[in-house]
Amino acid sequence: MQIPDRLPQHVSFIMDGNGRWAQARGKERVQGHFEGVESVRAVMEASVEWGIPYVSFFAFSEENWGRPEEEVRTLMELMGRAMLAELDNFRRHDIRFIVLGNRARLSDALNADIDRAMADTAANRRLTMVLFLSYSGRWDILQAAEKMAHDLIDHPGQRPRPEDMERYLVTAGIPDPDLLIRTSGEKRISNYLLWQTAYTEFVFTDTLWPDFRREAYLKALEEFASRDRRFGKIK
């Protein structure tokens, strides 16, 4: 398969199907999450090679806090270990690492690991990897609206514009996704980047996340390249 001539600037992933992948193999659900880390690594390596500057992953939603306590604890431990284990790769490939979401719900230990990884990679410029952790689109819009309303009190008569709202979202300074890929056959965005995906192209694949590697990624990029993006206008 050839790399398409037209590539997105920002690809985002809803990584779905880890539990089903494990259960289909008679394993504990958490084993699917461990295997899913390998898919993240494969996607990042391919994105660096192909020159895609922004890649983001929906790793844990605010709704996911309702999962069994043991699974949540294992997920959090896995994410902390994985991000520190990848620091050498981030340096080698010039990758900047960012975590966005409601970090107040995370443990002090995990927040410390996040701060270390973000500080260690802050000067990297080749690719930005964004991990959405304890995130929901509604939460993001609400916290942005609260901040904007507070600032508007000091500027009576000023009417907010869409571009003003974007400055208060946690993704401020990061381009909206051109392409959103969701694995496992589910066809919804599950309260993810509700504002930012207004003109995003969606690709839904039946492939479970632990099986999503280079070939599946290329197939999704080919689908994106075939789309005629008009952004509500007439060409």
Side-chain angles (χ1 to χ4, degrees), residues 1 3 8 10-50 52 54-90 93 95 97-101 110 113-114 117 127 129-135 177 179-193 202-224:
M1 299 176 70
I3 301 171
H10 181 178
V11 183
S12 194
F13 292 88
I14 297 179
M15 305 177 289
D16 201 6
N18 291 336
R20 277 169 281 172
W21 182 91
Q23 289 172 338
R25 290 160 176 76
K27 301 179 179 181
E28 296 292 330
R29 284 176 52 85
V30 294
Q31 293 302 314
H33 298 304
F34 283 105
E35 188 65 26
V37 172
E38 297 302 318
S39 293
V40 172
R41 184 176 292 115
V43 163
M44 292 303 299
E45 289 176 355
S47 298
V48 168
E49 179 183 338
W50 300 335
I52 296 173
Y54 290 87
V55 182
S56 58
F57 302 90
F58 195 16
F60 192 88
S61 72
E62 287 226 292
E63 291 80 8
N64 288 156
W65 288 109
R67 290 188 176 187
E69 183 178 345
E70 182 178 352
E71 181 176 351
V72 170
R73 183 172 58 252
T74 301
L75 273 171
M76 293 301 169
E77 291 174 354
L78 171 62
M79 281 185 270
R81 291 199 303 269
M83 67 180 68
L84 295 182
E86 291 300 310
L87 282 179
D88 284 342
N89 281 332
F90 291 158
H93 296 296
I95 295 172
F97 177 74
I98 297 174
V99 173
L100 298 177
L110 181 54
D113 290 342
I114 291 170
L127 183 151
M129 174 185 177
V130 184
L131 194 69
F132 287 92
L133 189 56
S134 188
Y135 176 88
L179 172 62
L180 173 63
I181 302 170
R182 180 167 187 158
T183 56
S184 87
E186 303 292 348
K187 295 179 174 63
R188 58 182 180 275
I189 60 172
S190 298
N191 198 10
Y192 178 54
L193 296 180
F202 297 161
V203 170
F204 300 105
T205 173
D206 291 334
T207 303
L208 300 177
W209 179 249
D211 292 326
F212 191 93
R213 302 297 166 90
R214 188 185 183 95
E215 184 174 347
Y217 192 10
L218 268 177
K219 186 176 180 180
L221 292 176
E222 285 185 340
E223 174 65 20
F224 171 83

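These figures come from a predicted structure and were not determined experimentally. The chain is numbered in sequence order, starting from 1.
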side-chain contact (heavy atoms from CB on, under 4.5 Å) partners of [X], counting only residues at least two apart:
| X | result |
| --- | --- |
| T207 | T205, D211, F212 |
| E223 | V203, S226, R227 |
| E38 | E35, R41, R213 |
| E49 | R214 |

Non-neighbouring partners of [X] that pass side chain to side chain donor-acceptor pair (under 3.5 Å), sequence neighbours left out:
| X | result |
| --- | --- |
| E71 | R29, H33, R67 |
| S61 | E63, N64 |
| H10 | S56 |
| N89 | E86, R92 |

To the nearest 0.5 Å, what is the distance between [atom1] on [X] and [atom2] on [Y]?
| X | Y | atom1 | atom2 | value |
| --- | --- | --- | --- | --- |
| I181 | F224 | CD1 | CZ | 10.0 Å |
| R182 | D16 | CZ | CG | 4.5 Å |
| D88 | H93 | CG | NE2 | 10.5 Å |

- Residues L218, W50; criterion side-chain contact (heavy atoms from CB on, under 4.5 Å); working and verdict: CA-CA 10 Å; L218 268 177; W50 300 335; 3.5 Å; yes
- Message: Strictly by ring pair (Phe, Tyr, Trp, His ring centres under 6.0 Å), give each pair with a member in residues 57-85 just once, sequence neighbours left out.
- Response: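 Qualifying pairs: F13-F57, F58-Y192, F60-W65.
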Might you point out which heavy atoms bring [X] and [Y] nearest each other, and give the distance in Å?
| X | Y | answer |
| --- | --- | --- |
| E62 | S134 | CG-O, 3.5 Å |
| L133 | I114 | CD2-CD1, 4.0 Å |
| M83 | L131 | CE-CD2, 4.4 Å |
| I52 | P8 | CG2-O, 3.7 Å |
| D113 | G80 | OD2-CA, 4.0 Å |
| K27 | W21 | NZ-CH2, 4.3 Å |

- Message: For the backbone of L180 and the side chain of S12, can you confirm whether one donor and one acceptor N or O come within less than 3.5 Å of each other?
- Response: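 Judged by distance alone, no pair lies under 3.5 Å.
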- So, the side chain of W209 versus the backbone of G36: is there a donor-acceptor pair under 3.5 Å, distance only?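 Between the backbone of G36 and the side chain of W209 there is a qualifying donor-acceptor contact (under 3.5 Å).
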- Message: As a quick check of understanding, evaluate side-chain contact (heavy atoms from CB on, under 4.5 Å) for L208 and T183, giving each step before the final call.
- Response: CA-CA 6 Å; L208 300 177; T183 56; over 6 Å; no
- Task: Dump the intermediate steps for side-chain contact (heavy atoms from CB on, under 4.5 Å) on M44 and L127, then the final yes or no.
- Result: CA-CA 9 Å; M44 292 303 299; L127 183 151; 3.1 Å; yes
- Report, as yes or no, whether the 6.0 Å neighbourhood of atom CD on E186 holds more than 12 heavy atoms from other residues, nucleotides or ligands.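 Result for CD/E186: enclosed.
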- If you draw a 6.0 Å radius around CD in E70, do more than 12 non-hydrogen atoms from other residues or ligands fall strictly inside?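 Atom CD in E70 is not crowded, with 12 or fewer foreign heavy atoms closer than 6.0 Å.
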- Query: Would you say S39 and M15 make side-chain contact, with heavy atoms under 4.5 Å?
  - Reply: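 No, their side chains stay 4.5 Å or more apart.
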- Task: Compare all side-chain heavy atoms of P177 with those of L193 and state whether any distance is below 4.5 angstrom.
- Result: yes
- Message: The test is side-chain contact (heavy atoms from CB on, under 4.5 Å); show your working for F90 and L87 and say whether it passes.
- Response: CA-CA 5 Å; F90 291 158; L87 282 179; 4.0 Å; yes
